[in-house]
2 protein chains.
Amino acid sequence: MKAGQTRQRILDTAAAWFRHEGLAFTSMADLAKFIGVKTSSLYYHFESKDSLIEETLRLGIELVHNEVRQAVESLGPGATHRERIRAAILAHLRTILGDNDYSSANIINYSHAPVNVRQKNREVRAAYGRYWASLLEAAQRDGAIAKDMDLSIARMLLIGALNWTVEWYSPKGKTPDEIADQCSRIFFDGVGLGAAPSKAKSAAPKAKSPRGSR
Amino acid sequence: MKAGQTRQRILDTAAAWFRHEGLAFTSMADLAKFIGVKTSSLYYHFESKDSLIEETLRLGIELVHNEVRQAVESLGPGATHRERIRAAILAHLRTILGDNDYSSANIINYSHAPVNVRQKNREVRAAYGRYWASLLEAAQRDGAIAKDMDLSIARMLLIGALNWTVEWYSPKGKTPDEIADQCSRIFFDGVGLGAAPSKAKSAAPKAKSPRGSR
DNA sequence: GTCTATAGATAGATAGAC
DNA sequence: GTCTATCTATCTATAGAC
């Protein structure tokens, strides 16, 4: 088999195993067995397990970055900021919750990767973060986001809400599109009604006294 | 040394290592060395590494659950739903970003834990989720959350935004209180102004054409 | 309760034949 | 490019002395 093909199979298999089993529970022997080669063959294509991890994680970021950018740009120049950010949210969610394993593998494993791997991934991650920052900054500049809103916090909270879906999303539950819709709505308008805060009537029915109920 | 003391030291050390190194990169030998005993001594106090993991993770959930519940209940019955949920957000963030290692260790490692460990933690996790659900349901019942808002999605997105802070929070940056403030504001009112959506003027200055810019 | 000693398994990685 | 064979390290866990 040609080098490029085998190399690609190793990457694809690694992404899938990293996504579903995690970095530590995926051994080189697991990958080799799944692919149908011997462990030593993997080292012809990759210098080490770390380098395999590094490339897999990098491809995951590049994939979601490309998907999000394309989704936003395909809206054309006439789109509103809300539409653009909504498209970014949707593309991000579809990518990390979809069949492609690379992006979800990155999200799930990045913080557990060896330091040298994280270091090599830092720039591609930062580039993706900057893209989101540019979306939010443009929206704030044009008044679609309140002037006194801290964009770095807002961005990290939003990305966090999206990334955490890999922990709870199930194909049997709400679809990525439904989640994206609601996330966009909350992000821009909140769960409230813009009405005056209502008093809590019997808000804590089971609690007899504050503190020490346990 | 008495059994209870050593046992507690093992748990505390494990929580710290699990938080900062991860489950897989924390060996029983690491813990023993740090504590100043031999590896075999750990097995007098814990049946296996898995059982140590299981107890550490369980304590993490119980801790944050207690902290959040106390924070909400200490507000008293006159508090609004916004105040109650804001207090829950703040307590959750303070706990997972603070000095105590148990809760952050849980958040960081739960999805990477062996299946039998996750299974044993399922109920305590579910109980904490139900508490949050009760807060949101009460708010929706009294009109503080829009009737057509799906509470399960809203809850998971909110908890996700909070939990993901362990990935990016730095003591040198924004404080947990500042993050909590902004999170509450976004959750209830969004980043927008409630105004009509504004058109994006020159929203994508660097993009010449949709698709294919790379 | 903690120790010494070690079993038994598995990990990442390399050498050299083909 | 892939193989067989193997090295070395490290891991979880146990047996039995003290």
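All of these numbers come straight from a predicted model, not from anything done at the bench. Below, chains carry the letters A, B, ... as their sequence lines are ordered, and counting in each starts from 1.
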Donor-acceptor pairs are to be reported for all side-chain atoms of residues 151-164 of chain A against protein atoms at under 3.5 Å, with residues two or more places apart or in another chain.
from, atom 1, to, atom 2, distance (Å)
A:S152, OG, A:D150, OD1, 2.7
A:R155, NE, A:G129, O, 3.4
A:N163, OD1, A:H92, NE2, 2.7

> Considering residues at least two apart in sequence or located in another chain, which fulfil the side-chain contact (heavy atoms from CB on, under 4.5 Å) criterion with A:R118?
Replying inline: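 A:R118 satisfies side-chain contact (heavy atoms from CB on, under 4.5 Å) with A:Y110, A:A113, A:V115, A:R122 once adjacent residues are dropped.
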
For [X] and [N], what is the distance between atoms [atom1] and [atom2] respectively, to the nearest whole Å?
X	N	atom1	atom2	answer
B:I35	C:dG1	CD1	P	15 Å
B:R9	C:dT2	CZ	C1'	14 Å
B:F46	C:dT2	CZ	C1'	16 Å
B:H45	D:dA13	NE2	P	16 Å

> Do B:E73 and B:R84 meet the salt-bridge criterion of a basic N to acidic O distance under 4.0 Å?
Replying inline: no

> Is any side-chain N of the basic residue among B:D50 and B:K120 closer than 4.0 Å to the acidic one's carboxylate O?
Replying inline: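 Salt bridge absent between B:D50 and B:K120.
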
> Is it true that the side chains of A:N66 and A:Q70 contain a donor and an acceptor less than 3.5 Å apart?
Replying inline: no

> Does the side chain of A:N106 pick up a donor-acceptor pair with the side chain of A:R125 at under 3.5 Å?
Replying inline: yes

With a 4.0 Å cutoff (strictly under), does any side-chain N or O of [X] reach OP1 or OP2 of [N]?
X	N	answer
A:Y44	D:dT2	no
A:S41	D:dG1	no
B:T6	C:dG1	no

Short heteroatom pairs, N/O only, protein and nucleotides 11-14 of chain C, under 3.5 Å:
from, atom 1, to, atom 2, distance (Å)
C:dG12, OP1, A:K49, NZ, 2.8
C:dG12, OP2, A:M28, N, 2.9
C:dA13, OP2, A:Y43, OH, 3.1
C:dA13, OP2, A:K49, N, 2.8

> Taking DNA chain C as the partner, which of residues 108-116 of chain B come within under 4.0 angstrom of it by heavy atom?
Replying inline: none

> Quick one: ring pair (Phe, Tyr, Trp, His ring centres under 6.0 Å) partners of B:Y131, sequence neighbours excluded?
Replying inline: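 With sequence neighbours excluded, B:Y131 shows a ring pair (Phe, Tyr, Trp, His ring centres under 6.0 Å) to B:H65, given in chain and number order.
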
>> So, using salt bridge (charged side-chain N to carboxylate O under 4.0 Å, His left out) as the criterion, who are the partners of B:E54 when residues are at least two apart?
In response: B:R58

